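Proteins get letters first, then strands, A, B, ... in listed order; numbering begins at 1 in each. It should be emphasised that the depicted structure is a prediction, and the values quoted were computed from it without experimental measurement.
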2 protein chains.
Amino acid sequence: MDVRTICLGILTRGDATGYEIKNLFEEDGYQHFVEASFGSIYPALNRLTEDGLVSAREEAQEKRPDRKVYSITPAGRSAFIASLLKPLPEDRHRSPFVFAMLFSDLLPGARVASMFDAYSAQIQTKLALLQESNGKQKTQGEEFANGFGRAIYEAMLNFLKTERAKYETAEAVAAE
Amino acid sequence: MDVRTICLGILTRGDATGYEIKNLFEEDGYQHFVEASFGSIYPALNRLTEDGLVSAREEAQEKRPDRKVYSITPAGRSAFIASLLKPLPEDRHRSPFVFAMLFSDLLPGARVASMFDAYSAQIQTKLALLQESNGKQKTQGEEFANGFGRAIYEAMLNFLKTERAKYETAEAVAAE
DNA sequence: GCCGATCTATATCGGACCAATATAGATACG
DNA sequence: CGTATCTATATTGGTCCGATATAGATCGGC
């Protein structure tokens, strides 16, 4: 899913600025499976405007930077739906942590333990975010995404918990 | 995890060509959490060679294209371990499918159903691959990665199964 | 009351990475 | 006998991210 398509999708739910689009990923997290950076959102919105798939109106604000509020056009809506009818790219789940674990035999036990605990805490945090926002979903799709995310994070945590005993504790190592 | 680090890691397990490194991702799947393309592997190996972190020897082959076999140097091994001691980047799980599901209300029911089933089949295939290779792992790290992957895919499939009934079946739609 | 941090808001640039393509002989399959 | 797949390296166009620049406003703490 390229950033242009992602922007179109968000704009089907209402007008927004580039800044607001980015924040949707961080606040709502858009359920953790979609992301884009400023460095790709702003150029994407420019190209969408050129192509007539969105329209922009500038709002000069007092005491705040000017805003460019984008709206999706009928052509944009069609293009968006058309892109969802094409075969979808596969998921890509990149995990530097799993990569590092593949080489745990080369690392000090203390490092493995701390890496493990940090990762578990991170997943726990992400799960908590989804649980917190659970129930606030507006569409069936958002409910699905929230539930899917929770199912995955819970499974990850469960597995991590059962594996944890195989590695020395960070405290035990510190005590040596 | 940048591609250079990934290449270094693979080379700690033995010498390999760029071609072989790429195939590790596809055959072993490197447990589905690590990937890189030719377009980034070859330049990465060149830069690693320049930096003295790997060495290359060319093997002219009869009846086959020449091979450049790379070996990690002591400096490369140190650099690799050092990079695993630094804080790890977070996982990134991008799912065009979940993104599409967020907009299921804009799509024909038949499309949602077929998309859903195609995705389930895809995850099922990936799970089967991990189950097939389960037991063939050489290191503790590989066993961890395999188990982690299976736990995640199983949770995904379970969730998909419980949600499936909410969407019309592809067959029912086709029959209309 | 003031200082630093965070927020609103857009934008660009370098670098990293991917997908597609080019090349080319070998082997395998039907 | 032709086509597809395999071994093997490499480049290119384009996409995307992370860092950085800019700049006034607001907010919290001391």
Side-chain angles (χ1 to χ4, degrees), chain A residues 1-8 10 15-27 30 33-51 54 56-70 83 86-94 96 99, chain B residues 1-8 10 15-27 30 33-51 54 56-70 83 86-94 96 99:
Chain A
M1 281 297 108
D2 54 272
V3 179
R4 286 204 302 286
T5 305
I6 293 172
C7 288
L8 281 181
I10 290 171
D15 297 354
T17 66
Y19 185 74
E20 287 164 349
I21 290 172
K22 173 74 168 108
N23 283 349
L24 264 181
F25 297 127
E26 283 174 1
E27 287 163 29
Y30 240 68
F33 297 108
V34 190
E35 255 171 86
S37 68
F38 284 129
S40 51
I41 290 173
Y42 285 116
L45 289 170
N46 285 335
R47 252 198 70 185
L48 288 169
T49 307
E50 280 171 38
D51 295 350
V54 308
R57 61 173 186 283
E58 263 174 269
E59 286 182 4
Q61 298 189 115
E62 280 168 32
K63 309 196 176 184
R64 291 212 171 272
D66 292 356
R67 293 154 47 90
K68 275 194 203 170
V69 183
Y70 293 90
S83 73
K86 288 191 297 184
L88 301 171
E90 287 196 20
D91 283 20
R92 37 177 56 179
H93 189 163
R94 305 288 174 88
F99 174 76
Chain B
M1 282 299 108
D2 55 272
V3 178
R4 285 203 304 285
T5 306
I6 293 171
C7 289
L8 280 181
I10 290 170
D15 297 354
T17 65
Y19 185 75
E20 287 164 350
I21 290 172
K22 172 72 167 108
N23 283 349
L24 264 179
F25 297 127
E26 284 174 1
E27 286 162 30
Y30 239 67
F33 296 107
V34 190
E35 255 172 85
S37 68
F38 284 129
S40 51
I41 290 172
Y42 285 116
L45 289 170
N46 284 336
R47 253 198 70 186
L48 287 169
T49 307
E50 280 171 39
D51 296 350
V54 307
R57 60 173 188 283
E58 263 174 89
E59 287 183 4
Q61 298 190 117
E62 280 168 32
K63 309 196 175 183
R64 292 213 171 271
D66 292 357
R67 295 153 47 89
K68 276 193 203 169
V69 182
Y70 293 91
S83 74
K86 289 190 296 184
L88 301 171
E90 288 196 19
D91 283 19
R92 38 178 47 185
H93 189 162
R94 305 288 174 87
F99 175 75

When you measure from the side-chain N and O atoms of [X] to the phosphate of [N], is any distance below 4.0 Å, counting only OP1 and OP2?
{"X": "S37(B)", "N": "dC18(C)", "result": "yes"}
{"X": "K68(B)", "N": "dA10(D)", "result": "yes"}
{"X": "T17(B)", "N": "dT7(D)", "result": "no"}

Measure the distance from [atom1] on [X] to [atom2] on [N] and round it to the nearest whole Å.
{"X": "Y42(B)", "N": "dA19(C)", "atom1": "OH", "atom2": "P", "value": "16 Å"}
{"X": "F38(A)", "N": "dA9(C)", "atom1": "CZ", "atom2": "C1'", "value": "8 Å"}
{"X": "E58(A)", "N": "dA11(C)", "atom1": "CD", "atom2": "C1'", "value": "13 Å"}
{"X": "D2(B)", "N": "dC18(C)", "atom1": "CG", "atom2": "C1'", "value": "15 Å"}
{"X": "I21(A)", "N": "dC16(D)", "atom1": "CD1", "atom2": "C1'", "value": "16 Å"}
{"X": "K22(A)", "N": "dA11(C)", "atom1": "NZ", "atom2": "C1'", "value": "15 Å"}
{"X": "Y19(A)", "N": "dT8(C)", "atom1": "OH", "atom2": "P", "value": "4 Å"}
{"X": "R94(A)", "N": "dC17(C)", "atom1": "CZ", "atom2": "C1'", "value": "9 Å"}

### Query
Between E59(A) and K68(A), is there a side-chain N and carboxylate O pair less than 4.0 Å apart?
no
### Sidechain N-carboxylate O distance under 4.0 Å for R4(B), D51(B)
no
#### Entry: Shortest non-hydrogen separation from I10(A) to F25(A) and the atoms involved
CD1-CZ, 3.8 Å
### Exercise: do T5(A) and D2(A) side chains pair donor with acceptor under 3.5 Å
yes
### Query
Taking the nucleotide of DNA chain C with the closest heavy atom to each, which residue, R47(B) or R92(A), is nearer the 5' end?
R47(B)
### Summary
Considering only heavy side-chain atoms of R4(B), the closest of dT11(D), dT15(D), dA16(C) is dA16(C)
### R67(A) side-chain proximity, nearest of dC18(C), dC16(D), dA9(C)
dA9(C)
### Message
What contact category does A44(A) fall into here, base, sugar-phosphate, or nothing, at under 4.0 angstrom with non-hydrogen atoms?
### Response
nothing
### Task
May I ask you to decide if N23(B)'s main-chain N or O and E26(B)'s side chain share a donor-acceptor pair within less than 3.5 Å?
no
### Query
Does I41(A) or P43(B) map to a spot on DNA chain D nearer the 5' end, using the closest nucleotide for each?
P43(B)
